[in-house]
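Written out below as C-alpha cells is the structure these notes cover.
Sequence positions, counted from 1, serve as the residue numbers for this chain. Atom set for the values below is all heavy atoms of this structure, side chains included, hydrogens, waters and symmetry mates excluded.
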Amino acid sequence: MSKAAPAVKPVAAAPPPGCTLDIKDPQVQRAAIRIQASYRGHRSRKELREKGPPRVLEALKDVVLIEGSAAKLTCRISAFPDPFIRWSKDGKELRDGPKYRYVFEDPDVVALVVRDGELADLRQYSINVTNPFGQCSDSARILVEAPAKIQKGPDNTKARKGTTVTLTAEIMGEPAPDVGWTKDGEDIDEDDRVFFEIGSTTTTLTIRRATPEDSGKYEVYVENSLGMDQSFARVDVA
C-alpha cells in the first residue's frame, strides 16, 4: 500500500520591491508612535463624548442685524449622545419656522438664523443644550441697525388763539436718530412757550398760548448714520 506524499507547506510570496518595513528603522518607529498616540487620543475623545455632559467649545458672539436682512448666531458645542437644542429670546422659547431657523452645520456647530430683521429683534438670545449627562447654555445679543424713519407724521391742525397746540410724530431708528423741528424752513428756538420733546418712539412739538403768528408750515426731521426722513404739517391759528 503506497504512502501518501508529505504535505507541502506553502511558501509566502516575497513582498513587492519597496514594500518591506524595517521595524528598527527610526522613521518607522516614529510613525508607529504617532499612530499609537493618535489612536489613544481618538479613544480618549470618544470616551469623553460618551461620558461627559454638553460643553460650549466656542461661545456665541453678539451680531449686528441690518433691518430687512438676516443674522446668524453660531455656537460650537461638544455633546454625545445627540443633544436637545433649545433657542430662546429674552427667556421665551423660539420655534423653528419661517422667522427663526434652527441650523445644524456639522456635528459640533449649531446656529440660529433670524430672518427679516426689525427693531423688535434687538434682544438677548440664549441657547440651551441638554443630553442625559447634563446641560450647558450660552447667550448673546442681536444688535439691530435701522435707518431713521418717521412712521407717522404730525397732522394738520387748526386751533383757536390762546389754546395749546401739539404736533406729534412717531419715529424709529437704530442708532437712535437726531430729531429736529422747523417752522417755515427755520429751526425753532425753544423757550417755555414753544418747545419739543423726544421719546424713544415719538417726538412732540408743543405751542402754548398760540397766536396767529404761530400759523405756518412745520417740519419734523430725523437722521442717523443709516438715513434720514422728514414730514410736514400745517398749523392755522385764528
Do the side-chain N and O atoms of Gln124 and Ser139 include a donor-acceptor pair separated by under 3.5 angstrom?
yes
Kindly assign one of parallel, tilted or perpendicular to the pair Tyr100 and Tyr125, based on the angle between their ring planes and the thresholds 30° and 60°.
tilted
Is Arg76 salt-bridged to Glu58, cutoff N-O under 4.0 Å?
yes
Here the gap from Asp229 atom CG to Met172 atom CE, rounded to the nearest 0.5 Å, amounts to 10.5 Å
With Ile207, which of Val165, Thr163, Ile188 fulfils side chain to side chain contact (heavy atoms under 4.5 Å, CB included)?
Val165
Is it true that, when you exclude Asp189 itself, more than 12 heavy atoms of the residues, nucleotides or ligands shown sit nearer than 6.0 Å to its CG?
no
Contact check, side chains of Val113 and Leu73, non-hydrogen atoms, under 4.5 Å
no
Please find the pair of heavy atoms, one from Ile171 and one from Gly199, that lie closest to each other, and give the distance.
CD1-O, 4.2 Å
Just how far is it from atom CZ of Phe232 to atom CD of Gln230, taken to the nearest 0.5 Å?
4.0 Å
Donor-acceptor pair, distance only, cut-off 3.5 Å: does the side chain of Asp108 make one with the backbone of Ser78?
no
What's the separation between atom OG in Ser69 and atom CD in Glu145, rounded to the nearest 0.5 Å?
9.5 Å
Check Asp116 with Lys99, please: is the shortest side-chain N to carboxylate O separation under 4.0 Å?
no
How long is the gap from CD on Glu67 to CD on Glu174, to the nearest 0.5 Å?
11.0 Å
Strictly below 4.0 Å, N to O, side chains only: are Lys217 and Asp184 in salt-bridge contact?
no
Could you please spell out the steps behind the side chain to side chain contact (heavy atoms under 4.5 Å, CB included) verdict for Lys183 and Trp181?
CA-CA 7 Å; Lys183 176 182 180 291; Trp181 288 84; over 6 Å; no
According to a 4.5 Å side-chain heavy-atom criterion applied to Ile, Leu, Val, Met, Phe, Trp and Tyr, with indirect links allowed, do Tyr221 and Val194 form part of one hydrophobic cluster?
no
All heavy atoms of Val129 vs all of Pro83, minimum pair found to be CG1-CB, 3.5 Å
Can you check salt bridge (Lys or Arg N to Asp or Glu O under 4.0 Å) on Lys72 and Glu105, steps first, answer last?
CA-CA 12 Å; Lys72 183 168 70 173; Glu105 297 184 342; 2.7 Å; yes
Side chain proximity check, Trp87 to Tyr102, heavy atoms < 4.5 angstrom
yes
For the residue pair Leu112 and Val103, establish whether any side-chain heavy-atom pair is separated by less than 4.5 Å.
no
Heavy-atom pair with the smallest gap, counting every atom of Leu119 and Gly173:
CD1-N, 4.0 Å
I'd like to know if the side chain of Glu190 reaches the main chain of Phe196, judged simply by a donor and an acceptor atom lying under 3.5 Å from each other, with no hydrogens or angles considered.
yes
If we only count heavy atoms from C-beta on, is the Pro175 to Ser225 side-chain gap below 4.5 Å?
yes
Looking only at heavy atoms, the pair that brings Ser215 and Val237 closest together is OG-N, 2.8 Å
Would you check if Lys161 and Pro212 make a side-chain contact, meaning some heavy-atom pair closer than 4.5 Å?
yes
Hey, does Arg86 have a side-chain heavy atom less than 4.5 Å from the side chain of Glu93?
yes
Considering residues, nucleotides and ligands other than Arg208, do more than 12 of their heavy atoms fall under 6.0 Å from its CZ?
no
Quick one: closest heavy-atom pair of Asn131 and Gly52, and the distance?
ND2-O, 3.8 Å
When every non-hydrogen atom of Leu167 is compared with those of Asp155, the smallest separation belongs to CD2-O, 3.6 Å
Run the salt-bridge test on Arg234 and Asp236 with the 4.0 Å N-O cut-off and return the result as yes or no.
yes
Between Thr182 and Val220, does a side chain to side chain contact (heavy atoms under 4.5 Å, CB included) hold up when you go through it step by step?
CA-CA 7 Å; Thr182 67; Val220 57; over 6 Å; no
Using the rule that two of Ile, Leu, Val, Met, Phe, Trp, Tyr join whenever any of their side-chain heavy atoms come within less than 4.5 Å, decide whether Met228 and Ile150 are in one cluster.
no
Residues Asp121, Lys89; criterion side chain to side chain contact (heavy atoms under 4.5 Å, CB included); working and verdict:
CA-CA 9 Å; Asp121 295 320; Lys89 180 175 74 171; 4.2 Å; yes
Is it the case that Asn128 and Thr130 place a side-chain donor and acceptor less than 3.5 Å from each other?
yes
Salt bridge flag under 4.0 Å for residues Asp214 and Arg193:
yes
Are Thr204 and Glu197 close enough, and set up right, to give a side chain to side chain donor-acceptor pair (under 3.5 Å), and what steps lead you there?
CA-CA 5 Å; Thr204 300; Glu197 299 171 304; 5.6 Å; no
So Phe133 and Pro81, do their side chains get closer than 4.5 Å, heavy atoms only?
yes
Quick one: do Val56 and Val63 end up in the same hydrophobic cluster if we chain Ile, Leu, Val, Met, Phe, Trp and Tyr together by side-chain heavy atoms under 4.5 Å apart?
no
Check: Ala233 main-chain N/O paired with Asn156 side-chain donor or acceptor under 3.5 Å:
no
Please check if the side chain of Ser137 supplies one atom and the backbone of Ile127 the other of a donor-acceptor pair under 3.5 Å.
no
Paired with Ile77, the side chain to side chain contact (heavy atoms under 4.5 Å, CB included) test is passed by just one of Ile85, Val109, Asp138, namely Ile85
Is there a donor-acceptor contact under 3.5 Å linking the side chains of Thr202 and Glu170?
no
One pair to check against side chain to side chain contact (heavy atoms under 4.5 Å, CB included): Leu60 and Thr74. What are the steps and the verdict?
CA-CA 6 Å; Leu60 293 172; Thr74 301; 5.7 Å; no
Taking Val144 as the starting point, is it possible to reach Leu226 by hopping between hydrophobic residues whose side chains are less than 4.5 Å apart?
no
Common cluster, Ile142/Leu122, ILVMFWY with side-chain heavy-atom separation under 4.5 Å
yes
